[in-house]
Participant: 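Following this message is one structure expressed as structure tokens.
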4 protein chains.
Amino acid sequence: MFASQPYHKVRLDDVAATAGVGKGTLYVYFQSKEDLYFTIIFEGVGLLLSRLRAQLANDHTGAMHRLQTIVEELVDFAFQHPQFFELMKSMGLPRGNPHWDAQRDDMFNLIEQTIRNGVESGELRDEHPALTARFIPGLVRSAMLFAPKDLNPTTLKQQITSLLERGLPCGAATKV
Amino acid sequence: MFASQPYHKVRLDDVAATAGVGKGTLYVYFQSKEDLYFTIIFEGVGLLLSRLRAQLANDHTGAMHRLQTIVEELVDFAFQHPQFFELMKSMGLPRGNPHWDAQRDDMFNLIEQTIRNGVESGELRDEHPALTARFIPGLVRSAMLFAPKDLNPTTLKQQITSLLERGLPCGAATKV
Amino acid sequence: MFASQPYHKVRLDDVAATAGVGKGTLYVYFQSKEDLYFTIIFEGVGLLLSRLRAQLANDHTGAMHRLQTIVEELVDFAFQHPQFFELMKSMGLPRGNPHWDAQRDDMFNLIEQTIRNGVESGELRDEHPALTARFIPGLVRSAMLFAPKDLNPTTLKQQITSLLERGLPCGAATKV
Amino acid sequence: MFASQPYHKVRLDDVAATAGVGKGTLYVYFQSKEDLYFTIIFEGVGLLLSRLRAQLANDHTGAMHRLQTIVEELVDFAFQHPQFFELMKSMGLPRGNPHWDAQRDDMFNLIEQTIRNGVESGELRDEHPALTARFIPGLVRSAMLFAPKDLNPTTLKQQITSLLERGLPCGAATKV
DNA sequence: GATGAATGAGTATTCATTCAT
DNA sequence: AATGAATGAATACTCATTCAT
């Protein structure tokens, strides 16, 4: 519901009715409407994070391949939870909530570290891994929110991977 | 004010007070709170769009160079209006305000067309220019919202341009 | 808890927690929150009444002495149950709960009758014993609620007794 | 309305309707329901205080006569505002509100000082003027809340004055 | 045009009460 | 009997909007 309407248009009466519980019951489990909203996002990112970690734990390949794994996981998650990025448009991100900030940084750091490892091993070249780490989820977000509705996961993965692998210029090799 | 708080926490009382006008005066110029909010965003994107168009009108270079111009303009605008992307982070208001949707598509199309031209002329290779067009503002957005506070425009431009030009792998040249 | 907060700020959740029982258990012994509240007051006044009756049953002295006994009992009770008058300060619940009204009148009548006996025997002079009967608990109440915290029972008894015995003017004797 | 029902049963909707204004208008002038309630009491006591002061300003007689003036004013006020003491039953007195505490103390001090002056001049005998000062309004309260409905101001004044002047015992003189 | 006092529809939140266990 | 999770009726309070001045 938060994904299809702005935050302030979502009525807790309707949330309760849709959930099949009483209005008061929501307040047994959540402190406030805001708490409910942030909990949804927090649990979503938590799920994504744990999946990323699980995948990377089994992936002892090179940095580029691990980045592809990350992109795959991000895209799969986005298509399994198509409301997720819409959800965050509703009210934006919580600022200054230490739990949320820590969790978001965890995700960025996971990606950043993967890039750094690749740079150190000489496999990758990246002047600002921290920036690139923030770019990658942003690419998925942009696609999910604004790309044509018929976009499929495979195409999106390829496009992002392609961007990371080759860069746009077809004559890139000659430019170096 | 809309940049630093979610839509529903911005009170028109405060907006009027901050603007130094009476509450009623807002309604002389705007139909409603939503109208005010969308007007702000609409004018912001309108300004950005006109700048992009002005720059590109004078730029008769190749596609890659024009993309760099676009990135430069996006980043400069972002740093000149640091609230802008904060503002857009939660623009999840009514589904498909037609004006806004049209204008946003204008921007995406401007970028997409630049890429398509490059592909047609053989300068660029891109399987999905529409996706890439949506990626580019997303990269700026990600950086503005989540990157370290000491990020400077030059670094950001370089990083995005670099990504578009070369891709991450340092051996990219040999891959062609 | 009812003594330190107004009725509507006392939550049965807290009452149950403080009492160390489950919320539902309260409803085994009381019909409702109001019932609980009135039971507390009713039992309090009932206890006070039975003490007054017990003391007066053993007191076959004159009316003035019996009034002193009443004052002593009221003051002792007030100091033994310092919350009691706080509790009664806001007992403005349903108009005329019959049980409560009857019991309150019992107390007033007990005092009134003591005065009337004294008047009839010629020991006392009082134009309106009913009024005086209502005054006496009011004096204790006023002292308990508003007097300095270091007030002690002996002082209070003396002051009330003195007022009843002599009146304020030091030349009272000559006025008779 | 607060006089005829307990605080928590008074609905602001009804207050607004009775006052002939919109609900929101109440919140233009009062911060909250509690603020509204306390303001009513505060203004009531303020009115009473200013009347007492005005009367005493013109009264350069002896202490006993000034006390009678105070009693007269208290009783007149009580009969002119018969809801006033009922009002305070609704939620009790505000505790710790400095405005209210100061005002209440002002009233007590006004009476107390009158008694002290009488004691110093030798006109009165009172071991604890502070206590007596707190007794006097309490007598009026007791009468207004619990005395027979046909009580009239003159009777009440006489009874209180009589208590203060002579004390109860008709043989008081001989007890000294 | 500008204003801001008045408004009341709309909603988050509370808490006494119930009842299945 | 004792419980406390679930409830929803009840209500304080907010704030976008209006309109007389």
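In what follows, chains are A, B, ... by sequence order, proteins preceding strands, each numbered from 1.
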Participant: Can you list everything that forms a ring-ring contact (aromatic ring centres under 6.0 Å, His included) with B/Phe108? Sequence neighbours excluded, please.
Facilitator: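 Once residues adjacent in sequence are excluded, the partners of B/Phe108 under the ring-ring contact (aromatic ring centres under 6.0 Å, His included) criterion are A/Phe146.
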Participant: List, one per line, each side-chain donor-acceptor pair under 3.5 Å for residues 39-51 of chain C, sequence neighbours excluded.
Facilitator:
unit_1: C/Thr39; atom_1: OG1; unit_2: C/Asp35; atom_2: O; d: 2.6
unit_1: C/Ser50; atom_1: OG; unit_2: C/Gly46; atom_2: O; d: 3.3
unit_1: C/Ser50; atom_1: OG; unit_2: C/Leu47; atom_2: O; d: 2.8
unit_1: C/Arg51; atom_1: NH1; unit_2: C/Gln80; atom_2: OE1; d: 2.7
unit_1: C/Arg51; atom_1: NH2; unit_2: C/Gln80; atom_2: OE1; d: 3.1

Participant: Just call it for C/Tyr29: base, sugar-phosphate, or nothing, with non-hydrogen atoms closer than 4.0 Å on any strand.
Facilitator: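 Sugar-phosphate contact only.
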Participant: Keeping the roles fixed (side chain from A/Thr25, backbone from A/Val21), state whether a donor-acceptor pair exists under 3.5 Å.
Facilitator: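 Such a contact is absent between A/Thr25 side chain and A/Val21 backbone.
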Participant: Can you run through DNA chain E from 5' to 3' and write each base as (, ), [, ], | or . depending on how it pairs? Watson-Crick or G-U wobble, both distances under 3.5 Å.
Facilitator: .||||||||||||||||||||
Participant: Consider ring-ring contact (aromatic ring centres under 6.0 Å, His included). Of C/Phe79, C/Phe2, C/Phe77, which one does C/Phe84 pass it with?
Facilitator: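 Result for ring-ring contact (aromatic ring centres under 6.0 Å, His included) with C/Phe84: C/Phe77.
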Participant: Can you check each nucleotide of nucleotides 16-21 of chain E against protein heavy atoms at under 4.0 Å and return B for base, S for sugar-phosphate only, - for none, in 5' to 3' order?
Facilitator: SBB---
Participant: Please list, chain by chain and in numerical order, all residues satisfying side-chain contact (heavy atoms from CB on, under 4.5 Å) with B/Gln83, sequence neighbours excluded.
Facilitator: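 Checked B/Gln83 against side-chain contact (heavy atoms from CB on, under 4.5 Å); matches are B/Ala3, B/His81.
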Participant: Could you work out, with side chain to side chain donor-acceptor pair (under 3.5 Å) as the rule, every residue matching C/Asp14, not counting sequence neighbours?
Facilitator: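 With neighbours one apart ignored, the set is C/Arg11.
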Participant: To the nearest angstrom, how far is D/Asp14 atom CG from F/dA10 atom C1'?
Facilitator: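 To the nearest whole Å, that distance equals 12 Å.
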Participant: With a cut-off of under 6.0 Å to the ring centre and 45° to the axis, is A/Lys33 in cation-pi contact with A/Tyr7?
Facilitator: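 The answer is yes; both the distance and angle limits are met.
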Participant: Return the 5'-most residue of the pair B/Lys9, A/Leu26 with respect to DNA chain F, ranking by each residue's nearest nucleotide.
Facilitator: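 Per heavy-atom nearest nucleotide, the more 5' residue is A/Leu26.
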Participant: Where is the tightest heavy-atom contact between B/Met1 and B/Val10, given as atom of each residue plus distance?
Facilitator: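 Of all heavy-atom pairs spanning B/Met1 and B/Val10, the closest is O-CG2, 3.6 Å.
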